[in-house]
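What you are looking at is a predicted structure, and each value in this text was computed from that prediction instead of being measured. Proteins come first, then strands; the chains are lettered A, B, ... in the order of their sequence lines, and each starts at number 1.
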Amino acid sequence: MANPLRLYLTCIRNTLEAAMCLQNFPCQEVERHNKPEVELKTSPELLLNPVTICRNEAEKCLIETSINSLRISLKVKQADELENILTKKFLRFLSMRAEAFQVLRRKPVQGYDISFLITNYHCEEMQKQKLIDFIVQFMEDIDKEISELKLSVNTRGRLVATEFLKQFV
Amino acid sequence: MAAVSVHQFAQCITCHAWSPDHSMIAFCPNNNEVHIYKLLDGKWEKIHVLQKHDQIVSGVDWGTESNRIVTVSHDRNSYVWSQEATEWVPTLVILRLNRAALCVQWSPKENKFAVGSGAKTVCVCYYEQENNWWVSKVIRKRHDSSVTSVAWHPDNILLATTSTDGKCRVFSTFIKGVDVKKAASASSDSKFGEQIMQLDLSYSWAFGMKWSPSGHVLAYVGHNSMIYFVDDVGPSPSAQNVAFRDLPLRDVLFISERMVIGVGFDCNPMVFTADRRGLWSFLRFLDEKKTSSSAKSGSQLTEKIGKFYGQSKYGSNDTNETSRTQGGAHENCITNIVPLKKPGDTTVTRFSTSGLDGKVVIWELQSQHDLLGYL
């Protein structure tokens with residue numbers, strides 16, 4: 001059970017190590033500007049091929065790189081309706097506080113649950129290995145967190161229902 | 001250890017250059033200034049700050065014969081600084097660029113310098129005595145994308161450029177009045193901006209190009225983790241591609257005719273050598289690194305978020321993470337490699353590297369016995 005996850009994460013880690021080779025690059029379209037080229041997509045020669053790593057149909061990771069920025073989009077496993085709601089709410093909570101995380105994107109890319117935007121400035125301020133560790137750790141913890149939330153929702157629901165129905169016994 | 005001295009100058013260094021006697025270093029600490037430090041009594045002291053640019057200074061070059069510094073910046077400007085008494089005085093350069101300037105290099109005779117820009121052009125500047133400024137002649141419509149690196153051939157006329165369209169081009173930059181036409185040379189390509197050669201070897205961006213000391217071999221790197229060596233630049237060049245399994249390089253330096261050092265995202269200089277038949281291959285890394293792995297243990301995401309607010313992730317020594325510890329001299333990508341050559345030497349035995357970790361490391365090759373044969 002843990003093994004496929006380990007392989008998936010190792011694959012993502014290796015791809016990120018190769019993809020996170022970013023450098024400062026001023027905008028070719030607008031003078032005196034410096035924009036993340038992966039978001040702009042105006043100069044196709046500055047973009048690299050996007051890579052999608054799929055664990056199964058429900059879980060995948062899209063990594064798009066350009067010369068000065070990198071965008072990682074994750075789709076988290078959602079087995080049932082409850083997990084769907086929990087994931088959406090939880091990830092929305094995190095995305096709204098994107099400033100605190102610095103590398104998080106405020107809105108996920110279309111078709112995914114959460115997105116990270118890493119620019120050359122992040123690589124200059126922080127160490128590349130630590131950034132990759134953070135992303136991989138995040139992916140591991142997301143699954144644990146969602147299942148814990150689901151468990152606590154179910155437990156709470158059972159407790160509340162028991163208490164409520166006691167009055168009818 | 002090949003690294004002789006390591007010094008942390010700033011949080012991040014964009015580019016650096018040495019004074020002719022190697023006592024002073026000029027570098028850009030990732031902002032719009034150029035800092036000049038001098039080694040006094042074994043300590044580095046900041047003696048000058050050159051402040052004229054509005055945006056980050058992307059290229060610095062210090063002429064060894066003329067003692068002039070040329071700086072180019074993302075704000076489309078360039079200045080030539082000359083030392084008068086104790087101050088550095090800037091001279092205006094008319095670049096006529098409408099996008100950022102990315103790289104600069106003095107020509108071997110230091111009467112011209114070339115600037116590569118994001119406007120897909122290369123400007124070759126020369127000094128006009130009458131108006132006391134530097135004017136430029138622009139090579140337009142030859143590049144499909146930003147020009148990332150320029151390199152002068154030892155003859156002061158040929159200029160090689162690399163670009164983010166993956167191609168390497170060689171131009172003639174003969175300027176009437178500045179260059180002396182060699183009567184013996186049979187080259188009829190003496191028109192300014194004439195493209196001598198175009199190489200389409202890399203399918204990814206090309207950076208970091210240099211000519212060998214004799215001018216016979218041209219080396220440049222591609223972002224696809226390959227380094228290209230081109231022989232016999234002219235109508236029929238022959239090229240060698242050397243692929244290596246590590247992260248891409250950013251810059252190269254010719255130590256001698258048979259040895260090249262490449263630096264890049266691996267934070268460790270790589271040595272490439274040519275054997276007697278002229279075939280290039282990767283030899284080894286220059287720095288010895290110790291690697292250690294720590295056990296991974298799961299931690300709660302909420303704990304992580306809590307940690308975030310309290311602790312920064314700038315190199316936190318968290319034992320919960322698996323990270324490959326770098327034991328080498330540089331901790332982040334190396335962006336620049338500059339030779340420390342005494343005048344009169346044909347081979348380089350000392351060079352310096354600077355990177356995004358803000359360190360400048362000086363390397364000495366005399367202590368590496370297996371490399372002495374290639375010098």
Side-chain angles (χ1 to χ4, degrees), chain A residues 2 6 9-10 13 17-34 37 43-46 48-49 65-67 90 93-94 97 100-104 120-134 136-146 148-149, chain B residues 11-12 14 30 54-56 58 74-76 97-102 118-120 144-146 148 163-166 204-205 207 223 225 247-248 250 264-265 267 296 298-305 308-309 312-316 318 320-326 331-333 335 356-358:
Chain A
R6 188 75 31 223
L9 293 177
T10 317
R13 177 184 286 274
E17 276 190 20
M20 212 177 284
C21 294
L22 308 173
Q23 52 181 286
N24 199 340
F25 193 79
C27 188
Q28 274 181 169
E29 309 296 319
V30 188
E31 53 173 282
R32 298 180 197 262
H33 276 228
N34 198 317
E37 295 293 333
S43 305
E45 75 267 9
L46 299 174
L48 294 179
N49 293 329
T65 330
S66 72
I67 194 164
F90 182 59
F93 172 83
L94 293 180
R97 286 146 187 83
F101 288 97
Q102 293 183 56
V103 291
L104 208 57
N120 58 290
Y121 297 112
H122 297 138
C123 290
E124 284 163 16
E125 287 168 24
M126 304 179 241
Q127 285 187 24
K128 178 173 145 176
Q129 282 303 323
K130 304 273 181 199
L131 277 171
I132 298 177
D133 286 343
F134 169 66
V136 171
Q137 192 72 39
F138 184 93
M139 296 181 69
E140 261 197 52
D141 294 342
I142 265 279
D143 284 335
K144 283 198 200 100
E145 201 61 34
I146 300 290
E148 248 184 55
L149 281 172
Chain B
Q11 211 213 348
C12 185
T14 322
N30 215 26
D54 298 320
Q55 284 187 298
I56 187 175
S58 48
H74 284 181
D75 63 0
R76 306 143 56 219
L97 278 185
N98 56 7
R99 295 286 181 274
L102 297 175
K120 310 177 189 176
D144 299 322
S145 190
S146 301
T148 52
S163 162
T164 43
D165 61 2
S204 187
W205 316 308
F207 305 112
H223 200 76
S225 281
L247 294 176
R250 289 283 298 275
F265 292 99
C267 320
K296 204 178 176 41
S299 61
Q300 290 292 32
L301 186 60
T302 39
E303 229 178 71
K304 266 266 175 266
I305 298 170
F308 248 47
Y309 285 102
S312 65
K313 50 182 172 195
Y314 314 135
S316 66
D318 218 336
N320 288 339
E321 291 162 6
T322 307
S323 36
R324 200 180 58 191
T325 47
Q326 326 273 24
E331 283 155 8
N332 208 334
C333 170
T335 49
L356 298 179
D357 53 357

Notebook entry, point to check: Yes or no on salt bridge (Lys or Arg N to Asp or Glu O under 4.0 Å) for A:Glu148 and A:Lys144, after CA distance, side-chain angles and deciding distance?
Noted result: CA-CA 6 Å; A:Glu148 248 184 55; A:Lys144 283 198 200 100; over 6 Å; no

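- For A:Ile67, the parts lying near chain B are the backbone and the side chain together; criterion is any non-hydrogen pair under 4.5 Å.
- Most heavy-atom pairs under 4.5 Å with chain A, from the set B:Thr335, B:Asn332, B:Asp357: that is B:Asn332.
- The minimum heavy-atom distance between A:Gln23 and B:Arg250, with the atom names listed, is CB-NH1, 3.5 Å.
- A:Lys128 contributes a side-chain N or O that, together with a main-chain N or O of A:Glu17, makes up a donor-acceptor pair within less than 3.5 Å.
- Heavy-atom pairs under 4.5 Å with chain A were tallied for B:Ser145, B:Pro248, B:Cys12, B:Gly118; the largest tally goes to B:Ser145.
- Formation of a donor-acceptor pair under 3.5 Å by the B:Arg99 side chain with backbone atoms of A:Cys27 is not found in this model.
- With hydrogens and angles ignored, the 3.5 Å screen pairs a side-chain donor or acceptor of A:Gln28 with a backbone N or O of B:Ser146.
- For A:Leu22, the part lying under 4.5 angstrom from a heavy atom of chain B is the backbone only.
- Among the candidates A:Glu31, A:Glu45, A:His33, A:Glu29, the residue making the largest number of heavy-atom pairs closer than 4.5 Å to chain B is A:Glu31.
- Neither the backbone nor the side chain of B:Ser225 has a heavy atom closer than 4.5 Å to any heavy atom of chain A.
- Of the possible donor and acceptor atoms, none in the side chain of A:Glu37 sits under 3.5 Å from a partner among the backbone N and O of A:Ser43.
- Here B:Asn98 is the residue among B:Asn98, B:Asp54, B:Leu97 with the most heavy-atom pairs under 4.5 Å with chain A.
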